[in-house]
Colleague: 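Can you keep this structure in mind? I'll have questions shortly.
Starting from 1, each residue takes its place in the sequence as its number. As the structure lists them, so they are numbered: ligands from 1, and atoms in each ligand from 1.
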Amino acid sequence: MGKAAVTITIACAAATCAAVAAAFFVNRRLRQRTSWKRAQCIVDEFRGGCSTPLSRLRQIVDNMVVEMHAGLAIDGGSKLKMVLSYVDNLPTGNEEGLFYALDLGGTNFRVLRVQMGGKEKRIMNQEYKEVSIPPKVMVGSNEDLFDFIATELASFVASEGEGFFLLPGQQRELGFTFSFPVKQTSINSGTLMKWTKGFAIAETVGKDVVEELQGAMHRSNVDMRVAALVNDTVGTLAGGRYEDDDVMVAVILGTGSNACYVERADAIPKWRGPLPASGSMVINMEWGSFTSAHLPKTEVDDALDADSVNPCDQIFEKMISGMYLGDIVRRVLWKLAAEAAFFGGKVPSRLEVPFILRTPDVSAIHADQSPDLKEVIRVLRVVFGIQSSTLQMRKVIMDVCDIVAERGARLAGAGIVGILKKIGRDGGSLANNGGLENHSYAATEERKKTVVAMDGGLYEHYPKFREYLKQSVVELIGKEAAEHIELRLSKDGSGIGATLLAASHSSFVAEQE
Ligand SMILES: Nc1ncnc2c1ncn2[C@@H]1O[C@H](COP(=O)(O)OP(=O)(O)O)[C@@H](O)[C@H]1O
Ligand SMILES: O=P(O)(O)OC[C@H]1O[C@@H](O)[C@H](O)[C@@H](O)[C@@H]1O
């Protein structure tokens, strides 16, 4: 081939390469530009699906009240279990002596002891130890779970030191806080209805968890009587009431979520026993299983539910509690990566790992005020191994965290207002939301203060979540009524509460001086 021809060939080849390269980059830019459009569409669609306008929250409040009535009418009358706690006497402050508690939650397990000195001295001394629950214990055998608990208790009792003493004639007794749905059969017995959160030990379902614990304590040579079996919400209520008689409701927003409240005994049709002297009974709602057609549930929630250990169950809990908020955010990021090439053409593999993104990471991102969103950079790198991102991408990620947290918080707020409405403490007779309850305020009655004892690591450690929750309560009941409602952090109230309920249901009666 002549020199000229070779030159022309090379030039054509170069031109072709340039054209192909240009086409590639144009196409990539197009893909990226198309990706941004697709990404925005995914986020907008998710935001719309999660929206909680006041009108929708009001419908959820009314649904919650209806379900509460249905659950109190008959067992199985509602998805809300409305469990009778058999706690008809809350701590008085006169409790005396040394009492222990075990607090089994969804993530942590605590053992504690409290020395109580009666009305004058109240809580004289307390000590606790917290251990994380190994994931394998959550899905292992029934015996291994209770032996794990009893072994920890045995070593804790062995470390009992100065400042803790039994009163003459007193035997060591224990309050057992069990943060799962239990059909209570007495103050210190009850059978596990089902597991929730990350627990899945089939052989425990239907068993009396106090019997299981006493058996394990025997195997670990722990000589102690279980005086009270309580849900952690009930423990939190008792702990709160010990400090303040205005405490009427307790809400946990931790790994899971739940609520309990003080109900009038004559407003519990399914209660067949003698009316308690106190005239009231604490009801453990097990509100995590609440459902309503008005819940803003999205396909992301459906996918999370389908992949969970308890599909089609605990739908409300899966939209609001700490175990799940992080994974909801992950799933949206995964969708962005897969459908909008958000992190480039390849989907980062760790985006597909369930629960790899935890709610503490979400709240850290959400709290980030730095101009270049450093927390997002950190979480992308540490959690997902994603080394590069643009500020625009990080703002989208922050937006997704905000959408998920705001929805969860506002739904929890609606749940709380539902309880307040049920017990006539939402200012209903004076607010503009009609629908008076059977014990709403008479217009002239001095409006009582109502304290809602709040606990759980999500509520305690996520300020923006708390803000959204409190704001939704004000929107729902109005500023004036909200002045009479206090959401008070009652940190680790369930443990103290369990010791107090053990004391108030103790077989030991202090010898009169
Ligand atoms: N910094 C944080 N920000 C947001 N959520 C948090 C934070 N720390 C803990 N959490 C949430 O709180 C949950 C633990 O709640 P906690 O009440 O301490 O234990 P448990 O659920 O076992 O009773 C964790 O699973 C997590 O979802
Ligand atoms: O304290 P945790 O582990 O977050 O538990 C909160 C709630 O979690 C729910 O899953 C349980 O059914 C409730 O009984 C419990 O109160």
Side-chain angles (χ1 to χ4, degrees), residues 79-83 85 102-110 128 130-133 135 137-138 176-184 190 192-200 205 209 229-237 250-260 282-290 308-310 313-329 355 357-368 375 379 401 404-405 408-409 412 415 453-466 468-469 489-495 497-498:
K79 294 283 278 181
L80 288 182
K81 304 285 185 209
M82 303 301 279
V83 181
S85 67
L102 287 178
D103 187 347
L104 178 66
T107 301
N108 304 308
F109 165 61
R110 290 157 55 90
Y128 75 88
E130 181 166 293
V131 290
S132 292
I133 306 160
V137 169
M138 298 180 186
F176 184 20
T177 300
F178 192 73
S179 305
F180 300 91
V182 163
K183 178 162 182 46
Q184 205 87 25
L192 177 68
M193 291 191 256
K194 62 180 180 181
W195 287 111
T196 61
K197 294 166 287 202
F199 280 68
V205 176
V209 293
L229 168 65
V230 297
N231 181 263
D232 56 339
T233 57
V234 178
T236 300
L237 182 78
V251 175
I252 301 280
L253 284 157
T255 305
S257 184
N258 188 19
C260 78
V282 178
I283 300 292
N284 165 17
M285 294 173 64
E286 286 297 337
W287 83 357
S289 58
F290 172 69
S308 70
V309 291
N310 55 342
D313 199 9
Q314 300 294 101
I315 300 304
F316 190 58
E317 177 173 73
K318 287 169 179 171
M319 295 171 83
I320 71 174
S321 75
M323 177 166 170
Y324 303 101
L325 297 186
D327 203 51
I328 296 169
V329 171
F355 301 110
L357 182 65
R358 302 174 315 114
T359 303
D361 301 319
V362 171
S363 67
I365 288 173
H366 214 169
D368 185 4
E375 269 308 303
V379 169
C401 293
V404 174
M454 305 293 297
D455 199 6
L458 168 61
Y459 184 81
E460 181 185 356
H461 298 299
Y462 199 157
K464 288 234 168 119
F465 186 94
R466 282 200 304 270
Y468 278 136
L469 191 160
L489 179 63
S490 172
K491 184 167 166 35
D492 300 329
S494 63

Colleague: Can you list the ligand 1 atoms lying under 4.0 Å from a non-hydrogen atom of Gly322?
Modeller: 27 (O)
Colleague: Under 3.5 Å, side chain of Lys318 to main-chain N/O of Met323, donor-acceptor pair present?
Modeller: no
Colleague: Do me a favour and list the nearest non-hydrogen protein atom to atom 21 (O) of ligand 1 with residue, atom name and distance?
Modeller: Thr255 OG1, 2.6 Å
Colleague: May I ask you to identify the nearest protein heavy atom to atom 22 (O) of ligand 1, giving residue, atom name and distance to one decimal place in Å?
Modeller: Thr107 N, 2.7 Å
Colleague: What residue and heavy atom of the protein are closest to atom 23 (O) of ligand 1, and at what distance?
Modeller: Gly105 CA, 4.0 Å
Colleague: Tell me which protein heavy atom sits closest to atom 11 (C) of ligand 1, plus the residue, atom name and distance to 0.1 Å.
Modeller: Leu458 N, 3.6 Å
Colleague: Identify, with sequence neighbours excluded, every residue that meets salt bridge (charged side-chain N to carboxylate O under 4.0 Å, His left out) alongside Arg110.
Modeller: Glu130, Asp492
Colleague: Starting from atom 8 (N) of ligand 1, what is the nearest protein heavy atom, named by residue and atom, and what distance separates them?
Modeller: His461 CD2, 3.6 Å
Colleague: Give the residues near ligand 2 by chain and number, with the criterion being a heavy-atom distance under 4.0 Å.
Modeller: Gly105, Gly106, Ser179, Phe180, Pro181, Thr196, Lys197, Asn231, Asp232, Ile252, Gly254, Thr255, Gly256, Ser257, Asn258, Glu286, Gln314, Glu317
Colleague: Judged by modelled atom types alone, do Ser490 and Thr236 share a side-chain donor-acceptor pair under 3.5 Å?
Modeller: no
Colleague: Looking at the rings of Tyr462 and His366, which for Trp means the six-membered one, are their centres under 6.0 Å apart?
Modeller: yes
Colleague: Side chain, backbone, both or neither: which part of Ser363 comes within less than 4.0 Å of ligand 1 when only heavy atoms are counted?
Modeller: side chain
Colleague: Which ligand 1 atoms does Gly456 reach within 4.0 Å, using its non-hydrogen atoms?
Modeller: 17 (O)
Colleague: Do me a favour and list the nearest non-hydrogen protein atom to atom 6 (C) of ligand 1 with residue, atom name and distance?
Modeller: Gly457 O, 3.6 Å
Colleague: Without hydrogens or angle criteria, can the side chains of Asn258 and Asp232 be said to hold a donor-acceptor pair below 3.5 Å?
Modeller: no
Colleague: To which protein heavy atom is atom 19 (O) of ligand 1 closest, and what is the distance rounded to 0.1 Å?
Modeller: Asn108 ND2, 3.1 Å
Colleague: Give me the nearest non-hydrogen protein atom to atom 26 (C) of ligand 1 as residue plus atom name, then the distance to 0.1 Å.
Modeller: Pro360 CD, 4.2 Å
Colleague: Tell me, please: is Gly106 in heavy-atom contact with ligand 1, that is, under 4.0 Å?
Modeller: yes
Colleague: Could you tell me whether a side-chain N or O of Thr359 sits under 3.5 Å from a main-chain N or O of Gly326, the two making a donor and an acceptor?
Modeller: yes
Colleague: Taking all non-hydrogen atoms of both residues into account, name the closest pair between Thr177 and Asn231 and its distance.
Modeller: CG2-C, 4.0 Å
